[in-house]
Trainee: 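Before anything else, here's the structure in question.
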Amino acid sequence: MSLEFKLRWIVLALAFPLAAHGQKDPPPIQLTNPSFEDLAKGGQTPVGWYNCGNAAESPPDIQPGSFSVTKAASNGSTYLGLVVRDNETNEAVGQRLSRPLEINQCYEMNIDLCRAEIYESLSRLTGDPVNYATPAKIRIWGGNGYCDKAELLFETPIITNTRWVTTNCRFHPKKGNYSFIIIEAYYKQPVLFPYNGNILLDNTTAIRQLPCNPEKMPPPIAKKTPTDTTKKIVVKSPPAPPTPAAVPEPKPMDRKNLKAGSIIRLDNVYFEMNKYDLKPESMNGLQAIFNFLKENPDVMVEIGGHTNNNPSDQFANDLSTNRAKSVADWLTSQGISPERVTFKGYGKKMPIAQNTTPEGRKKNQRVEIKILSING
């Protein structure tokens, strides 16, 4: 064997472990207190997690033992209870990750989920005792603050099972890198009206990075829980929302019957519940008011936001103000002078329908244009 041949074998032998080392998978992203272990107590966020629910409401619950919840944990001694409420508030927790989720990378984690048959508390609308037993879902967000819901990464179907089931959550950040994760309980969609429901969480695993090619994705992590004898289900990440249909030409607005103090209701300007980001479906209504203001430079308007009576006073005031501001900001971003557009949130003080029905509450959840001056 020649010296040259031996040297080649030595080089290959040295290079192989280096190449193998270069192919090593990144370490998992560890969560603090992934099994939500703490002293069982209602209205107490588990150690390592941050309360991301509405500030006017109580924090999530460390179960079992509160609100008549008695189910045994799937792992350890305690677990997390999250609820959605009939006043349009829902519970959520968040924490900083050991390293960020990176854009265009793929990840998975497992979490045990179920629903409590009994979760007794008071209705936020009536004050009467009710059972928060309606099924809800879990949504997982990425963000760069403890409660920053920057990108929805994953959501489950509605959790109807009352025995622990391990759900495999796979996500693929597409908008940015995220140093925080937020887990929230949410309603069945579309949300015709908010309701009282619960969801229980336990035994979350570390977040593992995966190849993004679906054909090369490894099978979900196998797992058994002491109290679970049912089949494990794998829940795939939701498909991307469909591209909105082309927005039709907006119907022109006529100034003939308008005067100072006239109200124009924008029935086709839409927001998701508890949010103030404008939806693509709102463009038709927004374009109509933009065209009107552009063609009538002597008109000044106020954008008014309103809610139904479900939220607390402070939450209703903040939400209605932010929604009105979103419309005003959009108009000025399109070239309407800020001097011609003001905004104001009226909260729930000016209903136009009864709040006792879903239809009435929907009518009260509105944005209006008020003519402040016309003809100079």
Trainee: Checking side-chain polar atoms at under 3.5 Å, does Q189 have a donor or acceptor matched by the opposite partner on K137?
Mentor: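 Short answer, yes.
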Trainee: Around K344, counting heavy atoms of other residues, nucleotides and ligands shown, do more than 12 lie under 6.0 Å from its NZ?
Mentor: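 Counting other residues, nucleotides and ligands, NZ of K344 stays at 12 neighbours or fewer.
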Trainee: State, without any angle test, whether S68 and E120 hold a side-chain donor-acceptor pair at a distance under 3.5 Å.
Mentor: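 The answer is yes; a qualifying pair exists.
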Trainee: Is there a salt bridge (charged side-chain N to carboxylate O under 4.0 Å, His left out) between R115 and E117 once you walk through the steps?
Mentor: CA-CA 6 Å; R115 176 178 64 92; E117 302 94 321; over 6 Å; no
Trainee: More than 12 foreign heavy atoms under 6.0 Å from CD of Q354: is that the case here?
Mentor: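 It does not: Q354 CD has 12 such atoms or fewer within range.
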Trainee: Kindly indicate, with the supporting measurements, whether the criterion salt bridge (charged side-chain N to carboxylate O under 4.0 Å, His left out) is fulfilled by E88 and R124.
Mentor: CA-CA 9 Å; E88 294 189 64; R124 294 302 192 270; over 6 Å; no
Trainee: What's the shortest heavy-atom distance between N364 and N308, and which atoms?
Mentor: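 That closest heavy-atom pairing would be CB-CA, 3.9 Å.
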Trainee: side-chain contact (heavy atoms from CB on, under 4.5 Å) between K348 and H306: does it pass, once the steps are laid out?
Mentor: CA-CA 6 Å; K348 54 186 178 182; H306 303 264; over 6 Å; no
Trainee: Between N296 and D298 (side chain of the first, backbone of the second, donor and acceptor by atom type, cut-off under 3.5 Å), is there such a pair?
Mentor: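 Checked: no pair found.
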Trainee: If every non-hydrogen atom of P135 is compared with every non-hydrogen atom of I158, which pair is closest and at what distance?
Mentor: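 Nearest pair, atom of P135 first, then I158: CB-CG2, 3.2 Å.
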Trainee: With heavy-atom distances below 4.5 Å as the criterion, would you say the side chains of W330 and Q287 are in contact?
Mentor: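 W330 vs Q287: side chains touch.
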Trainee: So, for W164 and Y79, is the gap between ring centers shorter than 6.0 Å?
Mentor: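 They qualify: ring centres under 6.0 Å apart.
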Trainee: Is it the case that N168 and E108 place a side-chain donor and acceptor less than 3.5 Å from each other?
Mentor: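 Looking only at side-chain atoms, E108 and N168 do form a donor-acceptor pair, the distance falling under 3.5 Å.
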Trainee: Give the minimum heavy-atom separation between G94 and C52, together with the two atoms involved.
Mentor: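 For G94 versus C52, the nearest heavy atoms are N-SG, 3.8 Å.
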Trainee: Under 4.5 Å between side-chain heavy atoms, hopping through other hydrophobics if needed: is there a path connecting I62 to L80?
Mentor: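 Not linked; separate clusters.
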Trainee: Are side-chain heavy atoms of L258 and F292 found at a separation under 4.5 Å?
Mentor: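 Touching, per the 4.5 Å side-chain cut-off.
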Trainee: Tell me whether T205 contacts the main-chain N or O of N110 through its side chain, where contact means a donor paired with an acceptor under 3.5 Å.
Mentor: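 Yes; judged by distance alone, with no hydrogens or angles, the pair exists.
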Trainee: Kindly say whether R366 contributes a backbone atom to a donor-acceptor pair with the side chain of R265 at under 3.5 angstrom?
Mentor: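 Not a single qualifying donor-acceptor pair exists.
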Trainee: For Y346, is the OH atom crowded, meaning more than 12 foreign heavy atoms sit under 6.0 Å from it?
Mentor: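 Atom OH in Y346 is packed in, count exceeds 12.
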Trainee: If we check side chain to side chain contact (heavy atoms under 4.5 Å, CB included) with Q95, which of these qualifies: I181, I182, N33?
Mentor: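 The side chain to side chain contact (heavy atoms under 4.5 Å, CB included) with Q95 is passed solely by I181 among I181, I182, N33.
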Trainee: What's the separation between atom CG in N87 and atom CG in N309, rounded to the nearest 0.5 Å?
Mentor: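 If we round to the nearest 0.5 Å, N87:CG and N309:CG are 10.0 Å apart.
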Trainee: Can you confirm whether the side chains of D202 and N75 place a donor and an acceptor under 3.5 Å from each other?
Mentor: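 Note: D202 and N75 side chains miss the donor-acceptor criterion.
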Trainee: Do L153 and W141 make a side-chain contact, defined as non-hydrogen atoms from C-beta onward lying under 4.5 Å apart?
Mentor: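 L153 does not reach W141 side chain to side chain.
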Trainee: Can you establish whether the number of heavy atoms outside Y50 located under 6.0 Å from its atom OH is more than 12?
Mentor: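 No, the 6.0 Å shell around OH holds no more than 12 heavy atoms from other groups.
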Trainee: Is it true that, when you exclude K363 itself, more than 12 heavy atoms of the residues, nucleotides or ligands shown sit nearer than 6.0 Å to its NZ?
Mentor: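 No, not enclosed.
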Trainee: Heavy atoms only: give me the nearest N177-N144 pair and the separation to one decimal.
Mentor: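 Looking at all heavy atoms of both residues, the shortest contact is O-ND2, 3.1 Å.
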Trainee: Look at the aromatic rings of F180 and Y146 and report parallel, tilted or perpendicular, splitting at 30° and 60°.
Mentor: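 It falls in the perpendicular class, over 60°.
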Trainee: Counting C-beta onward and ignoring hydrogens, is there a side-chain heavy-atom pair between I118 and V69 closer than 4.5 Å?
Mentor: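 Heavy-atom side-chain distance check fails, nothing below 4.5 Å.
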Trainee: Mind checking whether L97 and I140 sit in one hydrophobic cluster, side chains of I, L, V, M, F, W, Y counted as touching below 4.5 Å?
Mentor: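 Result: yes, single cluster for both.
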Trainee: Would you check if the side chain of R99 reaches a backbone N or O of P27 as a donor-acceptor pair within less than 3.5 Å?
Mentor: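 Checked: pair present.
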Trainee: Is the shortest side-chain heavy-atom distance between L286 and V327 below 4.5 Å?
Mentor: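 They are in contact (side-chain heavy atoms under 4.5 Å apart), so the answer is yes.
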Trainee: Whether the side chain of T162 engages the backbone of A116 through a donor-acceptor N/O pair (distance < 3.5 Å, no angle test) should be reported.
Mentor: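 No; judged by distance alone, with no hydrogens or angles, the pair does not exist.
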Trainee: Under 3.5 Å, is there a donor-acceptor pair linking the side chains of N196 and N131?
Mentor: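 Side chains of N196 and N131: no pair found under 3.5 Å.
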Trainee: Measure the spacing between CG of L201 and CG of D112 and express it to the nearest 0.5 Å.
Mentor: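 CG of D112 is found 9.5 Å from CG of L201.
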Trainee: Working to the nearest 0.5 angstrom, can you tell me the gap between S320 OG and Q365 CD?
Mentor: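 So the gap between those two atoms works out to 9.0 Å.
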Trainee: Would a 4.5 Å heavy-atom cut-off, applied to side chains only, mark I207 and L101 as touching?
Mentor: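 A side-chain contact under 4.5 Å exists here.
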Trainee: Would you say D38's side chain and V47's backbone share a donor-acceptor pair under 3.5 angstrom?
Mentor: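 Yes: the side chain of D38 pairs with the backbone of V47.
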Trainee: Of all heavy-atom pairs between E184 and A92, which one has the smallest distance, and what is that distance?
Mentor: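 It is CB-CB, 3.3 Å.
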Trainee: Search all heavy atoms of A260 against all heavy atoms of I374 and return the closest pair with its distance.
Mentor: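 Shortest heavy-atom separation between A260 and I374 comes out as N-CG2, 4.0 Å.
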Trainee: Any luck finding a side-chain donor-acceptor pair between N203 and S74 under 3.5 Å?
Mentor: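 The answer is no; no qualifying pair exists.
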Trainee: Compute whether any side-chain donor of one residue and acceptor of the other, for D318 and Q314, lie under 3.5 angstrom apart.
Mentor: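 On atom types as modelled, these side chains qualify, holding a pair under 3.5 Å.
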Trainee: Can you tell me how far CE of M109 sits from OG1 of T204, rounded to the nearest 0.5 angstrom?
Mentor: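 Reported to 0.5 Å precision, the distance equals 5.0 Å.
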Trainee: Can you confirm whether I138 sits close enough to I199 that some side-chain heavy atom of one is under 4.5 Å from a side-chain heavy atom of the other?
Mentor: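 Contact flag for I138/I199 side chains = yes.
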Trainee: Show your reasoning for whether side-chain contact (heavy atoms from CB on, under 4.5 Å) applies to K349 and N317.
Mentor: CA-CA 9 Å; K349 296 189 289 287; N317 292 337; 3.7 Å; yes
Trainee: Is there a path of hydrophobic side-chain contacts, each under 4.5 Å between heavy atoms of I, L, V, M, F, W or Y residues, that connects Y187 with L125?
Mentor: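 Different clusters: Y187 never reaches L125 through Ile, Leu, Val, Met, Phe, Trp or Tyr contacts under 4.5 Å.
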Trainee: Pair C169, I111 - check side-chain contact (heavy atoms from CB on, under 4.5 Å), show working.
Mentor: CA-CA 8 Å; C169 312; I111 185 168; 3.8 Å; yes
Trainee: Examine the side chains of S66 and D61 and answer whether a donor and an acceptor come within less than 3.5 Å of each other.
Mentor: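 Note: S66 and D61 side chains miss the donor-acceptor criterion.
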Trainee: I need the D86 CG to Y132 OH distance, nearest 0.5 Å.
Mentor: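 The distance works out to 5.5 Å.
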Trainee: Do the side chain of E37 and the main chain of T78 share a donor and acceptor less than 3.5 angstrom apart?
Mentor: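 Side chain of E37 to backbone of T78: a pair is present.
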Trainee: Can you check side-chain contact (heavy atoms from CB on, under 4.5 Å) on V299 and L293, steps first, answer last?
Mentor: CA-CA 7 Å; V299 175; L293 292 175; 4.1 Å; yes
Trainee: Under 3.5 Å, is there a donor-acceptor pair between the side chain of R208 and the main chain of P28?
Mentor: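 No: the side chain of R208 does not pair with the backbone of P28.
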Trainee: Quick one: which of T321, N322, D329 gives a side-chain hydrogen bond (donor to acceptor under 3.5 Å, both in side chains) with K325?
Mentor: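 Only match with K325 under side-chain hydrogen bond (donor to acceptor under 3.5 Å, both in side chains): D329.
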Trainee: Is there a side-chain contact between I303 and L331 (heavy atoms, below 4.5 Å)?
Mentor: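 Yes. Closest side-chain heavy atoms under 4.5 Å.
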Trainee: Under the salt bridge (charged side-chain N to carboxylate O under 4.0 Å, His left out) criterion, do E151 and K175 qualify, and how do the steps go?
Mentor: CA-CA 7 Å; E151 182 179 348; K175 296 181 180 180; 6.0 Å; no
Trainee: Could you go step by step and tell me if Q63 and Y119 meet the side chain to side chain donor-acceptor pair (under 3.5 Å) rule?
Mentor: CA-CA 11 Å; Q63 296 285 12; Y119 209 119; 3.1 Å; yes
Trainee: Please round to the nearest 0.5 Å and tell me the distance separating atom CD1 of I336 and atom CD1 of I289.
Mentor: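 Reported value, rounded in 0.5 Å steps: 9.0 Å.
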